Amino acid sequence: QVQVAESGGDLVEPGGSLRLSCTFSGVTPGDFARGWFRQVPGKEREGIACISFYSERTAYTDSVRGRFTISRDNVNNMLYLQMDSLKPEDTATYYCAVVTRLDCSGPWWDHRAGAWGQGTLVTVSS
């Protein structure tokens with residue numbers, strides 16, 4: 001059973017930056033992709049960024065493309081999300097997960113595996 005732990009969330013002003021981290025532990029399945037998701041209270045959780053196992057492919061939702069960068073460290077089983085030019089609408093709880101796809105094509109957000117972690121709260125406000 002894969003377990004995840006997200007960290008790095010904080011209160012930041014609009015235009016600021018944050019770097020989120022995610023640690024994977026337990027049995028990590030195959031050479032699968034990894035993804036970041038976020039959820040605002042009252043709304044469904046959405047997949048925002050995905051990265052393939054060898055980092056050769058990434059995918060971003062339109063609202064974060066060009067501002068967020070996903071990366072991974074397979075040696076240490078870590079996943080990162082560099083968030084720049086943050087906007088108030090980026091305020092959400094952020095989650096990471098294994099994505100049971102070899103790449104990030106198609107609706108990769110529908111192929112999440114394992115239980116959700118606690119998430120990390122990002123608040124963008126002046």
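This one's a predicted model, so the numbers in the text were calculated from it and none came from an experiment. Below, all heavy atoms of this structure are taken into account, side chains as well, without hydrogens, waters or symmetry copies.
The shortest non-hydrogen separation linking T100 to A113 is CG2-CB, 3.5 Å. Nearest approach of R112 to A97, heavy atoms of both residues: CG-CB, 3.3 Å. Between S126 and E13, the closest heavy-atom pair is CA-CG, 4.5 Å. Shortest non-hydrogen contact noted between S17 and S85 is OG-N, 4.4 Å. Nearest heavy-atom pair across N77 and R34 is OD1-NH2, 3.7 Å. Residues N76 and D73 share a closest heavy-atom pair of ND2-OD2, 2.7 Å.
The pair K87-D90 does not meet the salt-bridge criterion, since no charged nitrogen lies less than 4.0 angstrom from a carboxylate oxygen.
Side-chain contact between E46 and W109 is absent, with no heavy-atom pair separated by less than 4.5 Å. Counting heavy atoms from C-beta outward, T69 and R19 have side chains that stay 4.5 Å or more apart. Side-chain contact between L79 and I70 is present, with at least one heavy-atom pair separated by less than 4.5 Å. When side chains are defined from C-beta on, F68 counts as touching L86, because their heavy atoms get closer than 4.5 Å. S71 is not listed as a side-chain neighbour of S55, based on a closest heavy-atom distance of 4.5 Å or more. Here the side chains of M83 and L20 are in contact, with some heavy-atom distance below 4.5 Å. In this structure the side chain of R57 never reaches within 4.5 angstrom of the side chain of I51, judged on heavy atoms. Within the 4.5 Å cutoff, side-chain heavy atoms of R38 are placed close to those of S63.
No more than 12 heavy atoms of other residues, nucleotides or ligands shown are found within 6.0 angstrom of CD on E44.
At distances below 3.5 Å, at least one donor-acceptor pair connects side-chain atoms of T91 with backbone N or O atoms of V124. A donor-acceptor pair is defined here as one N or O able to donate and one able to accept, closer than 3.5 Å; such a pair exists between the side chain of E6 and the backbone of C96. Put simply, the side chain of S21 never gets that close to the backbone of S7: no donor and acceptor are under 3.5 Å apart.
Cluster membership for Y94 and M78, using ILVMFWY side-chain heavy atoms within less than 4.5 angstrom, is not shared. When hydrophobic clusters are built by joining Ile, Leu, Val, Met, Phe, Trp and Tyr residues whose side-chain heavy atoms come closer than 4.5 Å, directly or via intermediates, V98 is grouped together with I48. L102 and F24 fall within a single hydrophobic cluster, where Ile, Leu, Val, Met, Phe, Trp and Tyr side chains are chained together by heavy-atom contacts under 4.5 Å. F53 is not connected to L81 by any chain of hydrophobic side-chain contacts under 4.5 Å among Ile, Leu, Val, Met, Phe, Trp and Tyr, and they are in different clusters. Taking hydrophobic clusters as Ile, Leu, Val, Met, Phe, Trp and Tyr residues chained together by side-chain heavy-atom distances below 4.5 Å, Y80 does not share a cluster with V4.
Between W108 and the choices F37, Y60, F32, W36, the ring-ring contact (aromatic ring centres under 6.0 Å, His included) rule is met once, by F37.
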Determine whether C104 and T58 satisfy the following criterion, side chain to side chain contact (heavy atoms under 4.5 Å, CB included), listing intermediate values before the conclusion. CA-CA 6 Å; C104 299; T58 57; 5.9 Å; no
